[in-house]
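What follows is a set of notes on a single structure, which appears directly below.
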Amino acid sequence: MTSTEKAARYCQQSEALFECWKQKEPCGEINHREEIFVRDGVVCPDIWFSQQIRPLYLLKEAYSDPGDPDWSLVSYLLAEESVGKHTTWKRISEWTQGLFHTTATSVFPYSKVEKGIKRGDPIYHQIAVMNVRKSGGKKNSKMNAIRHYAETDQKELLEQITLIDPTMIVCGYTISCLNIILGKTVKDYARPETFSADLFFLSELNGHPLIALDYWHPSNQFPDMMNYYGLMGSYQQALQAAQ
């Protein structure tokens with residue numbers, strides 16, 4: 001199947017998934033029908049499915065103002081408007097550049113993103129972004145609430161990741177949710193004797209290798225350069241381990 005055919009299939013299947021997801025029967029306090037539902041996923045399918053490196057950023061939630069209609073994070077990232085002081089998207093653009101150019105033998109040098117970068121910049125066309133919590137998002141939610149959404153929507157979240165088909169997943173403080181979604185332990189917090197301090201993990205998806213990077217959320221308050229080299233160092237270790 002060509003990359004164009006894969007992109008067309010993805011668009012069709014993800015649209016059907018979101019339609020069913022929005023209308024899913026309420027479960028306790030989780031009610032996608034009544035809450036603002038935020039769609040996400042591959043930003044530019046035609047580009048994504050032609051790439052050998054496909055980085056998916058697994059984040060916690062998107063939030064909206066009360067009374068807003070349902071909206072699309074993909075459309076938000078395609079809009080040619082400045083990211084301003086929005087740390088999340090500024091960092092993701094810096095990280096993405098590094099992930100595409102770092103190898104097992106060389107870390108790509110940090111390059112600070114200019115203040116004038118727009119969300120529609122081509123760097124965002126190369127990524128996929130997925131929130132665990134699709135509705136009812138808040139500026140600050142406890143991780144127990146995010147994990148509850150991962151458990152309740154595990155089937156849909158797994159189907160979405162399978163359709164996206166990333167080669168790496170950058171977990172923005174969400175690797176415990178990734179354990180739930182994949183139905184297997186990528187990183188084991190419960191067993192100290194097997195716990196790894198590494199920030200990278202090797203797994204498999206759709207029959208190909210998958211790198212999972214356990215990292216901070218991109219909106220964290222640590223310096224940009226520290227963020228960048230911490231992630232690139234973990235990624236380089238993963239590439240070395242996969243050889």
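Computed from heavy atoms alone, side chains included, the values below leave out hydrogens, waters and symmetry copies.
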- Message: If you define the side chain from C-beta out and look only at heavy atoms, does anything of Pro26 sit under 4.5 Å from Arg33?
- Response: yes

- Query: Should Glu151 and Arg147 count as an ion pair when the cut-off is N to O under 4.0 Å?
  - Reply: no

- Message: Apply salt bridge (Lys or Arg N to Asp or Glu O under 4.0 Å) to residues Arg91 and Asp224 and explain how you reach the verdict.
- Response: CA-CA 7 Å; Arg91 289 255 176 85; Asp224 291 343; 2.7 Å; yes

- Task: Find out whether Leu157 and Trp21 are in side-chain contact, i.e. whether some heavy atom of one side chain is under 4.5 Å from a heavy atom of the other.
- Result: yes

- Message: Could you work out, with ring pair (Phe, Tyr, Trp, His ring centres under 6.0 Å) as the rule, every residue matching Phe108, not counting sequence neighbours?
- Response: His101

- Message: Please list all pairs meeting salt bridge (charged side-chain N to carboxylate O under 4.0 Å, His left out) that have one or both residues in residues 201-212, counting only residues at least two apart or in different chains.
- Response: none

- Which residues share a side-chain contact (heavy atoms from CB on, under 4.5 Å) with Lys142, sequence neighbours left out: none

- Query: Does Thr162 offer a backbone N or O that forms a donor-acceptor pair with the side chain of Asn206 under 3.5 Å?
  - Reply: yes

- Residue list, ring pair (Phe, Tyr, Trp, His ring centres under 6.0 Å) with Trp95, at least two apart or on another chain: Tyr215

- With a 4.5 Å heavy-atom cut-off, do Asn131 and Tyr149 have their side chains touching? no

- Under the ring pair (Phe, Tyr, Trp, His ring centres under 6.0 Å) test, residues paired with Tyr229 that sit two or more places apart: none

- Is there a donor in the side chain of Lys134 and an acceptor in the side chain of Gln160, or the other way round, less than 3.5 Å apart? yes

- The complete set of salt bridge (charged side-chain N to carboxylate O under 4.0 Å, His left out) pairs with one or both residues in residues 156-184, sequence neighbours excluded, reads Lys24-Glu156, Arg54-Asp165

- Task: Could you tell me which non-hydrogen atom of Ile36 sits nearest to which non-hydrogen atom of Pro69, and how far apart they are?
- Result: CG2-O, 3.4 Å

- Is there a side-chain contact between Glu94 and Ile123 (heavy atoms, below 4.5 Å)? no

- Task: Determine whether more than 12 heavy atoms belonging to other residues, nucleotides or ligands lie under 6.0 Å from atom OH of Tyr110.
- Result: yes

- Query: Between the side chains of Asn227 and Trp216, is a donor N or O closer than 3.5 angstrom to an acceptor N or O?
  - Reply: no

- Pairwise side-chain contact, Leu56 with Thr167, heavy-atom cut-off 4.5 Å (strictly under): no

- Provide the closest heavy-atom pair for Val42 versus Val74 in the form atom of the first, atom of the second, distance. O-CG2, 3.6 Å

- Message: Checking Asp153 against His32 for the side-chain hydrogen bond (donor to acceptor under 3.5 Å, both in side chains) test, could you report, in this order, the C-alpha distance in whole Å, the side-chain angles of both residues, the deciding distance, and whether it holds?
- Response: CA-CA 10 Å; Asp153 288 346; His32 297 306; 2.7 Å; yes

- Heavy-atom side-chain contact between Arg133 and Ile30 under 4.5 Å: no

- Note on the structure: Smallest heavy-atom separation, Ala238 atom then Leu202 atom, equals O-CD2, 3.9 Å

- Query: To the nearest 0.5 Å, what is the distance between CH2 (Trp89) and CG (Leu77)?
  - Reply: 4.5 Å

- Query: Is any side-chain heavy atom of Phe100 closer than 4.5 Å to a side-chain heavy atom of Gln51?
  - Reply: yes

- Task: Verify whether one side chain among Thr96 and Tyr57 offers a donor that lies under 3.5 Å from an acceptor in the other.
- Result: yes

- Taking the six-membered ring for Trp, are the ring centroids of Phe49 and Tyr10 within less than 6.0 Å of each other? yes

